[in-house]
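Have a look at the structure below before the remarks.
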Amino acid sequence: WDRVLRIVTDVCIAEDRGELRGAAAAALCRILAQALKKGALAMAEHPEAAQEELLRHLEVLLRVPHEDARARVCEGLLGILQASGQELHPAAWGTMIHLVAMAARVELERVGFQFSLPNELDPMMASAANLRDASDIVAEGSLPPMHHVGSTANARDASEVLPTVFQLLELLVQDFMEYAPPDSVPLITA
């Protein structure tokens, strides 16, 4: 499994494999969607941990520099939620919410907005390599800052992934809030 993930990641990062990037990301998401269906992980020793581990691998793909790959991952997350959202265990829900929040953050930053949550609201980001300085943490109770950076007048039109990210957020809020672990709610609502 790790070898398959490494190959897909390499294809999605590569500059010279543009025709394969989106297809590789979409194929991985289809495999994950099948693995996350009801009963698919029944033979796993710890199905809860297996779900979380399977989803965790999408984090790397949400950070690739190529929009076509990120778009297929976001579409894949949407498909997973629509087909199997009610089957996810609490640990997998925490990871799913983290992935959707990361997708929103990445895409907003790519169109010229900087978005940051306090570390205490985003415990999964504590291990990320791109943590911001402690001085950027907002005061408790205030809204996370979102700043437009640079002069990207047409940047908002440039992202084809943002509508899918919005669909993900909308689906989480409207259909799956009762499944969300309480400590993950700030990631959805911020």
Side-chain angles (χ1 to χ4, degrees), residues 1-38 40-41 50-88 92-115 122 124-125 127-130 146 149-150 152-176 187-188:
W1 178 247
D2 288 335
R3 186 173 175 190
V4 169
L5 291 170
R6 203 171 22 254
I7 291 169
V8 170
T9 302
D10 289 346
V11 169
C12 289
I13 292 173
E15 292 292 330
D16 61 340
R17 296 187 177 153
E19 70 283 353
L20 295 177
R21 279 193 302 260
L28 178 62
C29 289
R30 282 193 300 274
I31 291 168
L32 291 177
Q34 291 300 314
L36 293 168
K37 284 188 175 180
K38 185 174 184 169
L41 294 173
Q51 281 186 341
E52 192 272 336
E53 186 178 335
L54 287 171
L55 287 171
R56 174 69 69 184
H57 293 290
L58 294 177
E59 183 174 353
V60 173
L61 297 181
L62 287 171
R63 295 176 190 249
V64 299
H66 306 291
E67 187 169 304
D68 55 345
R70 292 190 323 275
R72 299 304 83 76
V73 171
C74 289
E75 290 165 2
L77 286 171
L78 189 60
I80 289 168
L81 279 176
Q82 290 169 335
S84 305
Q86 65 278 11
E87 305 300 328
L88 296 179
W93 268 111
T95 301
M96 176 63 79
I97 290 167
H98 169 73
L99 292 171
V100 173
M102 176 186 289
R105 183 179 297 126
V106 166
E107 295 310 317
L108 286 171
E109 287 175 1
R110 291 196 186 276
V111 296
F113 285 96
Q114 184 179 25
F115 183 80
D122 196 357
M124 293 177 157
M125 290 304 292
S127 63
N130 62 349
M146 180 181 283
V149 293
T152 54
N154 295 328
R156 287 185 201 111
D157 299 329
S159 176
E160 296 177 15
V161 185
L162 273 175
T164 306
V165 171
F166 179 75
Q167 286 179 315
L168 279 165
L169 289 166
E170 187 176 43
L171 185 61
L172 282 174
V173 170
Q174 291 179 357
D175 294 355
F176 294 112
L187 286 174
I188 299 172

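It should be emphasised that the depicted structure is a prediction, and the values quoted were computed from it without experimental measurement.
- Summarising the geometry of Glu67 relative to Val161, their closest heavy-atom pair is CG-CG2, 3.4 Å, with the distance given to 0.1 Å.
- A search for side chain to side chain donor-acceptor pair (under 3.5 Å) contacts involving Gln51 returns nothing, not counting sequence neighbours.
- For Glu53, the side chain to side chain contact (heavy atoms under 4.5 Å, CB included) criterion is met by His57, not counting sequence neighbours.
- Considering CG of Leu168 and CD1 of Ile97, their distance stands at 11.5 Å, rounded to 0.5 Å.
- In this structure, the side chain to side chain contact (heavy atoms under 4.5 Å, CB included) partners of Val106, at least two apart in sequence or on a different chain, are Arg70, Met102, Arg110.
- Going from atom CG of Asp2 over to atom CD1 of Ile7 covers 11.0 Å, rounded to the nearest 0.5 Å.
- Ion pair Arg63/Glu59 flagged as a salt bridge, since at least one NZ, NE, NH1 or NH2 atom sits closer than 4.0 Å to an Asp/Glu carboxylate oxygen.
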For residues 18-37, which side-chain donor-acceptor pairs fall under 3.5 Å, sequence neighbours excluded?
unit_1	atom_1	unit_2	atom_2	d
Arg21	NE	Asp68	OD1	3.1
Arg21	NE	Asp68	OD2	3.3
Arg21	NH1	Ala14	O	3.0

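- Looking only at side-chain heavy atoms (C-beta outward), Trp93 and Leu172 come within less than 4.5 Å of each other.
- Applying the side chain to side chain donor-acceptor pair (under 3.5 Å) test to every pair with at least one member in residues 166-176, sequence neighbours left out, gives no pairs at all.
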Could you list the donor-acceptor pairs under 3.5 angstrom formed between side-chain atoms of residues 75-87 and any protein atom two or more places apart in sequence or on another chain?
unit_1	atom_1	unit_2	atom_2	d
Glu75	OE1	Arg72	NE	2.8
Glu75	OE2	Arg72	NH2	3.1

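- Leu62 and Leu99 get closest at one heavy-atom pair: CD1-O, 3.4 Å.
- Nearest approach of Ala92 to Leu55, heavy atoms of both residues: O-CD1, 3.7 Å.
- Across all non-hydrogen atoms, the minimal contact from Val165 to Glu107 is CG2-CG, 4.0 Å.
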